[in-house]
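Working notes, beginning with the structure itself.
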Amino acid sequence: MLNPLPSHPLTYEQPLSNALQITPLHTRLLNDFQRDFPLSPRPYLEIAEHLGVSEEAVLSALSDLSEHDYISRVGPIIPPNQLGVSTLVAMAIPPEQLQRVADQISARPEVNHNYEREHRFNLWFVLIASDAVHLQQVLDSIDEETGYQTLSLPLVDEFFIDLGFNLDLPHV
Amino acid sequence: MFSLDETDLAIMRATQSGLPLTPRPYQTIAEQLGLSAEDVMSRMINMQEQGVIRRIGVVPNHYKLGYRFNGMTVWNIPDEVIDELGEKVGQLDFVSHCYHRPRHLPEWPYNLFAMVHGKSQAAVDQQIKVMSELLGAYNQGHEVLYSTEILKKTGFRSGG
């Protein structure tokens, strides 16, 4: 999925004044380090040595990516249901009520990944709770607070171990 | 089954929003928790071996990187073939997550969920075409739900 490096520096979305110019180092970090981050005392140094740059350059490039929101973080990914129990919840909310209900739901600490989607079921979010009893309590409490019914679609099976996503970015 | 102790949980909480961008990130976490860096690393290695941590790495923001078209594709697949077909769908390189979830009849007939990401509507349409062809006659109906607004995105990256 990799395209050849374009002749002009790539910028995304932001106006010129504060746009981040994506360098080959940014691209390598985005594409090649979505897993196997070293569990060693100087992980960024290890990455730097692998890429033939300085540790400072790696840290500074990751800070750039983080500040401009091109990465959400560098850290562990936890599979579903490893820490507590979770479910995907769908709700069908009349458009004029959507913002109110979405705000009520997002305010809850158990709620993660709350999305508006184009469908009769227009509100989708993940609930994570300490155990099944707590999860059901939160579902009941949302039904009661919002006045709309939750549709709970808990995971039955996950089909593919998510090892990162191959980004279509310019390569070195 | 592997069970986490309080120290493991403290490490997970301390790292869920990311490792510090400092030369010795595990040392930084260790100091916050009153542990040694070696202890933090060995516990994280153990949690990774046990599958509590799936991977550790850079977490790209797909939307910001140009993947504006994020579709949740949902399919109605006969139960007797969902495992076999789910594996195939999950292995497509444009599918980031692929799950079997329960139907909720009559209002929700779909039992296979696959998240797809593209830089254009045409790219996602093409992905859906590939999936339709793969599923063939086993596809008893599908829909694509695009996200129009991200209302909250925090905490652990769990798929739910």
Side-chain angles (χ1 to χ4, degrees), chain A residues 1 12-13 29-30 33-37 39-45 55 59 62-63 66 69-80 82-83 86-88 102 106 111-119 126 128 151 153-169, chain B residues 12 15-19 21-27 37 41 44-45 51-62 64-66 72 83 86-87 89-91 93 95-102 104 107-108 117 119 143 145-160:
Chain A
M1 280 184 74
Y12 297 92
E13 189 188 33
L29 290 169
L30 282 165
F33 295 91
Q34 293 180 36
R35 56 182 173 133
D36 299 331
F37 185 82
L39 275 154
S40 61
R42 303 278 293 270
Y44 303 107
L45 179 62
E55 182 184 38
L59 283 166
L62 288 172
S63 295
S66 181
D69 206 25
Y70 286 80
I71 60 175
S72 61
R73 63 199 157 86
V74 179
I77 305 281
I78 316 301
Q82 278 294 341
L83 298 173
S86 62
T87 188
L88 178 68
S106 289
V111 171
N112 201 335
H113 295 195
N114 192 6
Y115 288 95
E116 179 186 350
R117 294 192 181 276
E118 291 170 342
H119 193 267
V126 174
I128 305 177
L151 186 72
L153 302 166
L155 195 62
V156 176
D157 205 1
E158 178 173 20
F159 287 119
F160 185 65
I161 302 303
D162 159 37
L163 295 174
F165 186 71
N166 188 14
L167 294 166
D168 182 15
L169 296 173
Chain B
M12 297 311 301
T15 57
Q16 69 170 307
S17 57
L19 292 164
L21 295 174
T22 54
R24 296 174 186 275
Y26 303 110
Q27 179 65 35
M41 286 186 286
M44 288 182 76
I45 289 168
V52 177
I53 294 174
R54 173 164 292 166
R55 60 186 155 97
I56 305 172
V58 172
V59 182
N61 179 350
H62 297 126
K64 183 78 178 188
L65 288 162
M72 182 173 76
D83 288 345
E87 280 297 331
V89 169
Q91 285 175 34
D93 64 0
V95 171
S96 64
H97 300 85
C98 188
Y99 299 126
H100 177 191
R101 296 185 184 278
H104 218 289
E107 68 268 50
W108 190 259
H117 309 272
K119 291 181 175 179
E143 288 191 79
L145 283 70
Y146 290 99
S147 57
T148 45
E149 199 174 349
I150 301 172
L151 302 163
K152 182 178 183 181
K153 193 169 189 176
T154 54
F156 290 116
R157 265 294 178 100
S158 289

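Below, read A as the first sequence line, B as the second, and so on, with proteins coming before strands; counting in each chain starts at 1.
Contacts of B:Tyr146 with chain A are made by both backbone and side-chain atoms, with heavy-atom separations under 4.5 Å. With a threshold of 4.5 angstrom between heavy atoms, B:Gln27 does not approach chain A through any atom at all. With a threshold of 4.5 angstrom between heavy atoms, A:Glu55 approaches chain B through side-chain atoms but not through N, CA, C or O. For chain B, the nearby parts of A:Leu39 are the backbone and the side chain; heavy atoms of each come within less than 4.5 Å. Contact of B:Glu143 with chain A is made through the side chain alone, with heavy-atom distances under 4.5 Å.
Within the 4.5 Å cutoff, side-chain heavy atoms of B:Tyr26 are placed close to those of B:Met44. By the 4.5 Å heavy-atom criterion applied to side chains, A:Leu45 and B:Pro23 are not counted as neighbours. Two residues are said to be in side-chain contact when any heavy atoms from C-beta on lie closer than 4.5 Å; B:Ile56 and A:Ile77 fail this criterion.
Between the side chain of A:Ser106 and the backbone N or O of A:Ala102, at least one donor-acceptor pair lies under 3.5 Å. In this structure, A:Arg117 contributes its side chain and B:Leu145 its backbone to a donor-acceptor pair below 3.5 Å.
Heavy-atom pairs under 4.5 Å with chain A peak, among B:Arg24, B:His100, B:Gln91, B:His104, at B:His100. The candidate from A:Asp69, A:Asp157, A:Leu59 with the greatest count of non-hydrogen atom pairs under 4.5 Å with chain B is A:Asp157.
Taking every heavy atom of both residues into account, B:Ser17 and A:Arg73 meet most closely at O-CB, 3.6 Å.
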